[in-house]
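If you read the sequence from its start, that first residue is 1, and numbering goes on from there. Quick caveat: nothing in here was measured; it's all calculated off a predicted structure.
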Amino acid sequence: MSIVSLLGINVLNNPAKFDDPYEFEITFECLEPLKEDLEWKLTYVGSSASSQHDQLLDSLLVGPVPVGTNKFIFQADPPSPDLIPAAELVSVTVILLTCSYKDQEFVRVGYYVNNEYDTEELRENPPSKVQIDHVVRNILAEKPRVTRFNIEW
């Protein structure tokens with residue numbers, strides 16, 4: 001049984017420009033006192049072909065965690081477009097929000113992210129070099145993929 005249960009995640013700035021920060025309102029429940037902090041991480045999957053393009057956007061420690069319902073805002077910088085293959089900048093990708101306790105991941109929430117140009121003209125006739133200032137992201141917030149793992153608390 002998990003001592004910490006994820007109750008909900010609200011994606012706050014969605015859709016947004018590619019280079020805007022990510023913002024999530026995370027609500028979770030803690031059933032027993034925890035001796036250590038929870039570690040939350042947000043990872044951007046930069047390429048479907050290789051994990052070498054994944055970027056850890058931010059991580060933060062939350063604690064001490066009181067028993068009961070807890071809520072906080074997790075804000076993370078956007079990914080660096082220079083570290084993403086140009087062919088995959090304007091496409092569908094994934095972001096992963098994970099939480100760990102004592103270096104043991106116990107929940108992973110994945111969201112599909114659609115990166116596309118902000119005008120019909122650019123979508124129909126994409127330039128040879130990606131114009132990142134015209135790319136918008138849309139996180140498919142209504143359909144997260146949640147995976148839970150059993151850990152030793």
Could you give me the CA-CA distance, side-chain angles and deciding distance for Val107 and Phe28, then say whether side chain to side chain contact (heavy atoms under 4.5 Å, CB included) is met? CA-CA 11 Å; Val107 67; Phe28 65 94; over 6 Å; no

Would one find more than 12 heavy atoms of other residues, nucleotides or ligands at under 6.0 Å from atom NZ of Lys17? no

Looking only at heavy atoms, the pair that brings Lys41 and Ser59 closest together is CG-CB, 3.6 Å

On a heavy-atom basis, the closest approach of Gln55 and Leu83 is NE2-CB, 3.5 Å

Do Leu7 and Phe74 share a hydrophobic cluster, counting only Ile, Leu, Val, Met, Phe, Trp and Tyr and linking them when any side-chain heavy atoms are less than 4.5 Å apart? no

Please round to the nearest 0.5 Å and tell me the distance separating atom OH of Tyr111 and atom CD1 of Ile9. 4.0 Å

Kindly compute the distance separating CD (Gln75) from CG (Leu57), expressed to the nearest 0.5 Å. 12.0 Å

Give me the atom names and distance for the closest heavy-atom approach of Tyr117 to Gln131. OH-N, 3.3 Å

How far does OG of Ser100 sit from CZ of Phe106, to the nearest 0.5 angstrom? 7.5 Å

Would you say the ring centroid of Trp40 lies under 6.0 angstrom from that of Phe24? no

Determine whether a donor-acceptor pair (N or O, by modelled atom type, separation under 3.5 Å) exists between the side chain of Tyr101 and the backbone of Glu36. yes

Please indicate whether Asp133 has more than 12 foreign heavy atoms, meaning atoms of other residues, nucleotides or ligands, lying under 6.0 Å from its CG. yes

Verdict with supporting geometry, Ile26 and Leu6, side chain to side chain contact (heavy atoms under 4.5 Å, CB included): CA-CA 8 Å; Ile26 299 170; Leu6 190 58; 3.8 Å; yes

Of all the heavy-atom pairs spanning Leu89 and Phe18, show the shortest one and how long it is. CD2-CZ, 4.1 Å

Any chance you could lay out the side chain to side chain contact (heavy atoms under 4.5 Å, CB included) test for Asp54 and Val45, step after step, and finish with the verdict? CA-CA 4 Å; Asp54 291 0; Val45 177; 3.6 Å; yes

Val90 vs Val135, test: side chain to side chain contact (heavy atoms under 4.5 Å, CB included). Steps then yes/no. CA-CA 7 Å; Val90 181; Val135 176; 3.9 Å; yes

Same cluster for Val109 and Phe149 if Ile/Leu/Val/Met/Phe/Trp/Tyr side chains link at under 4.5 Å? no

Flag yes if Val94 and Ile139 sit in one hydrophobic cluster, no otherwise; membership is Ile, Leu, Val, Met, Phe, Trp, Tyr, and two members link when side-chain heavy atoms are under 4.5 Å apart. no

Are the side chains of Asn10 and Thr27 in touch, meaning some heavy atoms are under 4.5 Å apart? no

Gap between atom CG of Leu56 and atom CG of Leu42 - 0.5 Å precision: 8.0 Å

Just checking Glu120: does its CD atom have more than 12 heavy atoms from other residues, nucleotides or ligands closer to it than 6.0 angstrom? yes

Going from CG on Leu12 to CD1 on Ile73, what distance comes out if it is rounded to the nearest 0.5 angstrom? 5.0 Å

Rounded distance [0.5 Å steps], CG in Asn115 versus CD1 in Ile132: 7.5 Å

Looking only at heavy atoms, the pair that brings Val67 and Glu32 closest together is CG2-C, 3.6 Å

Test of understanding: with side chain to side chain donor-acceptor pair (under 3.5 Å), list the residues that count as partners of Glu88, not counting sequence neighbours. Ser47

Among residues two or more places apart or on two chains, list those pairs meeting side-chain hydrogen bond (donor to acceptor under 3.5 Å, both in side chains) that have a residue in residues 144-153. none

Are the side chain of Asn70 and the backbone of Gly68 linked by a donor-acceptor contact shorter than 3.5 Å? yes

Among all residues two or more places apart in sequence or in another chain, which pass the side chain to side chain donor-acceptor pair (under 3.5 Å) test with Asp118? His134

Are Val92 and Leu96 connected, step by step, through hydrophobic side chains (Ile, Leu, Val, Met, Phe, Trp, Tyr) whose heavy atoms are closer than 4.5 Å? yes

Nearest non-hydrogen partners of Val65 and Cys30, listed with the distance: CG1-CB, 3.8 Å

Do you know which of Val146, Thr98, Leu97 makes side-chain contact (heavy atoms from CB on, under 4.5 Å) with Arg108? Thr98

